[in-house]
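Okay, so here's the structure we're looking at.
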Amino acid sequence: MAKPLIVITGASSGIGAATARLLSSQGHPLLLLARRLEKLEELGLPDTLCRQVDVTDRHAVEEAVREAEERFGPVDAIVNNAGVMLLSRIADQPAEEWDRMIDLNVKGVLYGTRAVLPGMLTRGRGTVINISSVAGRKTFPNHAAYVATKFAVHALSENLREEVAASGVRVVTIAPGAVETELLSHTSDEQIKSDYEAWKKSAGGALAPQVVAEAIAYAYRQPQNVTIREIVLAATGQEA
């Protein structure tokens with residue numbers, strides 16, 4: 001292939017789908033992972049392997065990566081985008097929702113990274129791009145468990161960057177503010193959802209997924225000896 005392989009998790013909608021479209025248009029073969037296979041296939045992208053994989057299944061992630069590498073060559077980058085946002089108050093939130101966010105937002109990043117990192121270290125190049133959030137840098141009302149997972153992504157990313165920097169592998173954290181995606185729909189508390197939508201409106205609206213995709217592509221296309229360690233972006237009207 002003229003361009004190297006890139007893996008994108010959570011690629012069925014939102015930031016993941018926008019990133020897939022952009023990187024495909026730039027000539028990259030892709031491995032797209034998500035639970036909704038039909039949404040991946042609807043993208044209709046060339047040189048793309050779509051697999052129905054839950055990123056909390058470490059072995060399934062690893063198998064999909066090996067299959068894609070056999071077809072397209074070594075993975076040069078992974079965009080760990082899969083995640084879930086379940087907003088609630090700690091006193092009210094079901095513990096099962098904490099487990100789901102920890103498994104997907106934290107373990108999913110670890111599993112995706114582990115599937116590609118050994119090969120990157122052997123080759124002395126590669127890029128791990130982790131999608132975190134402004135909520136990985138500051139707190140928000142009714143976000144406590146979600147914030148905890150995104151702070152974890154920030155800490156994991158920076159610590160990993162320090163571990164692999166001397167080996168020529170880059171680690172990038174992308175921290176968007178509010179984005180127009182399906183994330184909010186997973187929250188079950190209707191009042192919290194209503195308040196969140198009102199907050200977005202007061203900020204003049206949220207970011208389009210394409211804007212975040214452009215930030216991801218910008219960080220990736222830098223020379224391999226340049227690491228954009230973190231990009232924080234939000235709608236101009238978003239004060240918090």
Side-chain angles (χ1 to χ4, degrees), residues 7-20 32-40 50-61 64 78-115 128-157 173-197 199-200 206-209 212-213 216 233-234:
V7 180
I8 305 173
T9 70
S12 60
S13 65
I15 294 170
T19 303
L32 304 183
L33 305 181
R35 290 176 297 166
R36 297 178 296 177
L37 181 61
E38 71 282 359
K39 290 293 186 181
L40 299 178
C50 301
R51 287 294 176 261
Q52 185 176 32
V53 170
D54 186 328
V55 296
T56 65
D57 184 339
R58 176 167 56 87
H59 298 294
V61 173
I78 185 168
V79 181
N80 284 310
N81 168 72
V84 65
M85 182 175 72
L86 304 173
L87 305 183
S88 187
R89 294 166 290 274
I90 288 293
D92 302 327
Q93 190 165 31
E96 291 78 11
E97 293 190 357
W98 306 341
D99 293 338
R100 180 62 182 156
M101 286 191 285
I102 291 169
D103 287 346
L104 189 54
N105 297 359
V106 181
K107 291 182 180 179
V109 172
L110 285 166
Y111 294 161
T113 300
R114 180 61 178 270
V128 176
I129 301 174
N130 294 331
I131 308 304
S132 184
S133 169
V134 169
R137 307 177 84 250
K138 67 179 301 299
T139 59
F140 291 87
N142 305 318
H143 280 54
Y146 176 71
V147 161
T149 65
K150 290 303 183 178
F151 265 70
V153 172
H154 264 74
L156 164 63
S157 300
T173 305
I174 306 292
V179 182
E180 289 296 348
T181 70
E182 298 177 359
L183 276 181
L184 184 63
S185 66
H186 303 146
T187 294
S188 58
D189 188 312
E190 293 301 324
Q191 185 59 54
I192 289 177
K193 288 168 69 172
S194 177
D195 291 346
Y196 189 94
E197 290 290 356
W199 172 70
K200 284 198 304 183
L207 295 175
V212 184
I216 293 167
L233 66 161

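Within the 4.5 Å cutoff, side-chain heavy atoms of Leu156 are placed close to those of Val109. Looking at heavy atoms from C-beta onward, Trp98 lies in side-chain contact with Ile90 at the 4.5 angstrom threshold. Side-chain contact between Thr19 and Ile129: absent, with no pair of heavy atoms (C-beta onward) separated by less than 4.5 Å.
A donor-acceptor pair under 3.5 Å links the side-chain atoms of Gln52 to the main chain of Arg35, judged by distance alone. Side-chain N or O atoms of Asn142 include none that pairs as donor or acceptor with a backbone N or O of Ser88 at under 3.5 Å. Side chain of Thr187 to backbone of Lys193: no donor-acceptor contact under 3.5 angstrom is found. A donor-acceptor pair is defined here as one N or O able to donate and one able to accept, closer than 3.5 Å; such a pair exists between the side chain of Ser157 and the backbone of Val153. Of the possible polar contacts, none joining the Asn130 side chain to the Asn80 backbone as a donor-acceptor pair under 3.5 Å is found.
Summarising the geometry of Arg36 relative to Ser13, their closest heavy-atom pair is NH2-OG, 3.3 Å, with the distance given to 0.1 Å. Asp103 approaches Thr56 most closely through the heavy-atom pair O-CG2, 3.5 Å. When all heavy atoms of Asn105 and Lys150 are compared, the closest pair comes out as ND2-CE, 4.3 Å. Of all the heavy atoms in Ala17 and Ser12, the pair that sits closest is CB-C, 4.1 Å. When every heavy atom of Val61 is checked against every heavy atom of Gly112, the shortest pair comes out as CG1-CA, 4.1 Å. When all heavy atoms are compared, the tightest approach of Leu40 to Leu33 is CD1-C, 4.1 Å.
In this model, a donor atom of one side chain and an acceptor atom of the other lie less than 3.5 Å apart for Ser132 and His154.
Partners of Asp99 according to the side-chain hydrogen bond (donor to acceptor under 3.5 Å, both in side chains) rule, which considers only residues two or more places apart in sequence or in another chain, do not exist here. For the salt bridge (Lys or Arg N to Asp or Glu O under 4.0 Å) test, residues two or more places apart in sequence or in another chain that qualify with Arg58 are Glu62.
Taking CZ of Arg137 as the reference point, atom OG1 of Thr173 lies at 10.0 Å (rounded to 0.5 Å). Note that the CD1 atom of Ile8 and the CD1 atom of Ile131 stand 9.5 Å from one another [nearest 0.5 Å]. The structure places CE of Met85 at 13.0 Å from CG of Leu104, a figure rounded to the nearest 0.5 Å. For the atom pair OG1 (Thr181) and CG (Asn81), the distance works out to 9.0 Å, reported to the nearest 0.5 Å. Remark: Asp92 CG to Glu97 CD distance equals 10.5 Å, nearest 0.5 Å. Separation of atoms OG (Ser133) and CZ (Phe151) is listed at 10.0 Å; rounding is to 0.5 Å.
The aromatic rings of Phe140 and His143 lie tilted to each other, with the angle between the two planes from 30° to 60°.
For Arg100, the CZ atom sits in a packed shell: over 12 heavy atoms of surrounding residues, nucleotides or ligands are nearer than 6.0 Å.
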### Check against side chain to side chain contact (heavy atoms under 4.5 Å, CB included), Ile15 and Ile216
CA-CA 10 Å; Ile15 294 170; Ile216 293 167; 4.0 Å; yes
